[in-house]
Protein chains: 2
Amino acid sequence: MQGLMMDQPLLVKSIVEFADRVNPDVEIVSFTADNPRHRYTYKDAFKRARQLANVFAGWGLERGDRIATLAWNDYRHFEAYYGISCSGFVAHTINPRLFPEQVAYIINHAEDQYVFVDPMFMPIVEGVAGHCPGVRGWVVLTSAEHMPETSLDNVHCYETLLEGESTEFDWPELDERDACALCYTSGTTGNPKGVLYSHRSTLLHAFASVWPDVMGLSSSETVLPIVPMFHVNAWGTPYACPMVGAKLVFPGPKMGDGAELTKLINEEKITMSAGVPTVWLNLLAHLRESGETIESLKRIIVGGAACPLSVMEEFDSHGVETRVGWGMTEMSPLGSVNAPTPEVAEMSGEDWDKQRLKAGRPVFGVEMKITDDEGKELPWDGEAFGSLKVRGPWICSGYFKLDAGDAHADEGWFETGDVATIDPHGYMAITDRTKDVIKSGGEWISSIDVENAAVGHPKVAEAAVIGRYHPKWSERPLLVVVRDKGGEDLTPEEILGFLEGKIAKWWIPDAVEFVDELPHGATGKIQKVELREVFKDFAFPEE
Amino acid sequence: MQGLMMDQPLLVKSIVEFADRVNPDVEIVSFTADNPRHRYTYKDAFKRARQLANVFAGWGLERGDRIATLAWNDYRHFEAYYGISCSGFVAHTINPRLFPEQVAYIINHAEDQYVFVDPMFMPIVEGVAGHCPGVRGWVVLTSAEHMPETSLDNVHCYETLLEGESTEFDWPELDERDACALCYTSGTTGNPKGVLYSHRSTLLHAFASVWPDVMGLSSSETVLPIVPMFHVNAWGTPYACPMVGAKLVFPGPKMGDGAELTKLINEEKITMSAGVPTVWLNLLAHLRESGETIESLKRIIVGGAACPLSVMEEFDSHGVETRVGWGMTEMSPLGSVNAPTPEVAEMSGEDWDKQRLKAGRPVFGVEMKITDDEGKELPWDGEAFGSLKVRGPWICSGYFKLDAGDAHADEGWFETGDVATIDPHGYMAITDRTKDVIKSGGEWISSIDVENAAVGHPKVAEAAVIGRYHPKWSERPLLVVVRDKGGEDLTPEEILGFLEGKIAKWWIPDAVEFVDELPHGATGKIQKVELREVFKDFAFPEE
């Protein structure tokens, strides 16, 4: 027997309709190349999103067509999000930091009909346009007076397109399971894979992200998403903020500039922000150098990579609460957030330091489990670690134009590729990537834990642990170390002795190799595949 | 084109599954008749909900069957909520304050198979059982040693039923649109009408209720729902709290007792509570008399009736934020909450007093509009008032076993029966009930505004305004006044003069009648239907 409740679908357009009425005058502030501090309101933004919809209506597009963006966080990108998704098309955000071949690959794979481009990314599209015959036009996100010179055909000026279009548009009635956005995730191997978000998943994710223990969004907050709109929809903030009437401040291309961020925080009275550790390192470095403060900022979410404890402690001194968040492109992205429960809030010293670095508790809507090699579930005791699997209404069931099986080794669950522990308080901590974990005598060793312990040695600049063949244990850990300046006398014995008591005895590596540098990828991560290749012929000394 | 996101239905059982893993040790504290302060955890509660499901499995029930409860807020009622809904049955909460004939009517109308009863409500069911031949059994929510003597057949003891049942149960896979709960709303006329909530509507409502600008729920909160679980599911708190890991404290039958509430707030460190104005008047009276304080309490939601400003001001002095909430049984119930936006937070004096009394801003998920007699939408200017209509995924589309048309005079919108203004900040304020509004020369006069102005006169104890026939204006307001002690000399001229400048000139009543008392209903509301009957032959003096 069905309930007797209205059958209202969860659609992105309902955010427009709601904010237009309830939060029309709340501000959106943006940095852009052509207008250093653009200000307007949600009402203005959605008027222009409807103008954009009228532009699309004249282009002969079909429901579900992909329209791409290659842009920083600003108001035009925000308008494109809504104009595209609410019209029944799919907003495909492209990461401009990808290699040009990857940009071309995903434009072609997605079959993008049009690409919206920030003026500063014109060189990228000029480079790839010849390889993307399916693109019917390139729209430069600027005004006529700031249009760059370009060798491309089929180039439109965004502001010129909007000019004269009606600000009225009847959004189509869509199914809540219809796709609204697409974001490619680039693994370390193979081609990027597209995650296709639905209206339903986007709204449910936004509902949860507002919660006090997640982002804590409300009409009293001014939110600065430093995480890019081309990367998992800026963690959903462009959807969640208009739902609650939070003021949005978009940093445009100034995302990594500590001085500009400080200025923006203070002038716009930012209360909440979200970004990757690098951004916060830049901001803190600027604050240290300048002596400036950031009084209005109350809370930041740090994700995308492990957050150093020192960053948290420095933010503590500024009166800013640091919350670690964890997620994936495949998860919209929110999976867990580290907000303290009453028991955790009472911790102190090392316990607290350790606890606050964890990836946090799963948000309702995200089911988690950790399993061993046989797929058997492991306990939430903070000790056992296994493959982390997740399930929920905003987690992908497959990749665009690929078999569903690619996302699901364990039926109905998404394999994150991470190895994790979950403690009795429900806090998950990533201990490794599945492919980097070391299996010694059938038991797993966390390479991350060993590396973290090793870099604690003052003479170690960087360390990586990889598993190598061992005749008795099948695999044993090999520690690869870059000595720090002045650490030329560091010996294997000294560092192995240093590890004693810090990690389990049987985790202590069987050998240490010194190198001048470790191989790094484009995002700064150590490339273990490459490192394993370097040491492919390594043999542990016989016992 | 559909998105590629997991097709996970929104089900009440997902709250059980989530809280069991993430918040197993969070406490539920209850007052009950047989155990003055019962304490256990979510994990314990859900174990017992599964035991209850095993009991149901032996009863030969069918998917969608209704199982009723007639109980105060406590842990057994909480278990019944989950045990019933997650098993695929419908939890039908009955208001024990209804007249016995109404209780019998709704048990029969709902076709309840079993009724779960608090021991103190046994006299009610003993009175109605003979009129409810469809009920297969009555379950008393107590232990064997506290079982009351009863004349009824087919009586079970709740604890005896659970004894020995397995704590494991595989919840069925349901459709998210399946019904999970049923609550009857009693209008002033006609039979009570059943609102049938779905799993989907219940979860979406809970998602929104957690928000900082709504209830502000998190793992750091300890929540005391003083609003009954038999009245619109205690405003959804039994669902929302386990989703976020908030500690739940159930006051049992002690809901109206100021001294007991104070004790509970202080001993359990309640941070957030929700209830009707009467409850808060009792609590504040006790605090005044005893000199006690309520340090832990940070925030309360007041709904169900207009909140007097004096209540807010007294809570201000206790450091408690008072938020007015508005909703209806038909709305799950949340429609709007009065949390201050930055602009409103800057108000002071009379502006602030007026603003904070409003019903608040609609919660995302609830669309609102106000319309005139012709159904034309009115502006959100804080002045225009019209019929309030709402729409959204947790608003009813019809009543149980009645035509959908009963809920929808305006297609796709639910007619609240209220008359309201909405101001430019998005704050809605109820000015009248549709049936009580006075129409003078085609324009509406808000009876509530006139009444509020009239009771401001020191010699007025109570006032009601009703519309009466007028040959020129079709209707004009008649003010009916109960004089206060010492106000025997109050004249019509004095009170009408007092109203000048306080309300629009053309709203000032054409006549005043004095009475000894006004007719009140069971919940204390003035019965205007009856009052109009008393003055049915009233004629305004000819001009």
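Throughout, a chain's letter reflects where its sequence line sits, starting with A, and its residues are numbered from 1. This structure is a prediction, so every number in the text was calculated from the model and none was measured.
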Heavy-atom pairs under 4.5 Å with chain A, option from [options] with the top count:
{"options": "B/S198, B/S14, B/G3, B/P24", "value": "B/G3"}
{"options": "B/V366, B/D7, B/L174", "value": "B/D7"}
{"options": "B/P424, B/G392, B/P342", "value": "B/G392"}
{"options": "B/G216, B/S220, B/S201, B/P362", "value": "B/P362"}

For chain B, which candidate among [options] shows the most heavy-atom pairs at distances under 4.5 Å?
{"options": "A/L204, A/I422, A/T341, A/L196", "value": "A/L196"}
{"options": "A/V210, A/V244, A/L217, A/V214", "value": "A/V210"}
{"options": "A/V90, A/D65, A/T202, A/V363", "value": "A/V363"}
{"options": "A/P242, A/G426, A/A208", "value": "A/A208"}
{"options": "A/G64, A/C180, A/S218, A/G245", "value": "A/S218"}
{"options": "A/E221, A/H425, A/E377, A/E367", "value": "A/E377"}

Check: Going by atom types only, do B/T41 and B/D25 share a side-chain donor-acceptor pair under 3.5 Å?
Finding: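 Side chains of B/T41 and B/D25: no pair found under 3.5 Å.
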
Checklist line | Pair A/H199, A/D178: side-chain N/O donor-acceptor within cut-off below 3.5 Å | finding: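 Not at all, the side chains of A/H199 and A/D178 share no donor-acceptor pair under 3.5 Å.
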
Checklist line | Salt-bridge present (B/D20, B/K43; N to O < 4.0 Å) | finding: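 The answer is no: the pair does not qualify as a salt bridge.
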
Part of [X] within contact of chain B (heavy atom distance under 4.5 Å):
{"X": "A/R200", "answer": "side chain"}
{"X": "A/E343", "answer": "neither"}
{"X": "A/D175", "answer": "side chain"}
{"X": "A/W394", "answer": "both"}
{"X": "A/V344", "answer": "neither"}
{"X": "A/V26", "answer": "neither"}

Judged by atom type as modelled, is there a donor-acceptor pair below 3.5 Å linking the side chain of [X] to the main-chain atoms of [Y]?
{"X": "A/Q113", "Y": "A/E111", "value": "yes"}
{"X": "B/R21", "Y": "A/M368", "value": "yes"}
{"X": "B/W171", "Y": "B/V16", "value": "no"}

Notebook entry, point to check: Heavy atoms, side chains only, cut-off 4.5 Å: are A/R361 and B/N23 in contact?
Noted result: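 When only atoms from C-beta onward are counted, B/N23 and A/R361 do touch, with a gap below 4.5 Å.
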
Check: What orientation do A/F364 and B/F18 show, parallel under 30°, tilted 30 to 60°, or perpendicular over 60°?
Finding: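 Aromatic pair A/F364/B/F18 classed perpendicular.
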
Check: Centre of A/Y399's six-membered ring, under 6.0 Å away, within 45 degrees of the axis: is that where NZ or CZ of A/K193 sits?
Finding: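 A/K193 over A/Y399 ring: yes.
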
Notebook entry, point to check: Should we count NZ of A/K269 as having more than 12 external heavy atoms under 6.0 Å?
Noted result: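 No - once you tally the heavy atoms of other residues, nucleotides and ligands closer than 6.0 Å, there are 12 at most.
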
Next item on the list: Taking the six-membered ring for Trp and the full ring for Phe, Tyr or His, determine whether the centres of B/H92 and B/Y184 are under 6.0 Å apart.
Entry: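 Yes, the ring of B/H92 comes within the 6.0 Å limit of the ring of B/Y184, centre to centre.
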
Next item on the list: Go through the atoms of B/Y427 and report whether side chain, backbone, both or neither lie under 4.5 Å from a heavy atom of chain A.
Entry: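 Neither part.
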
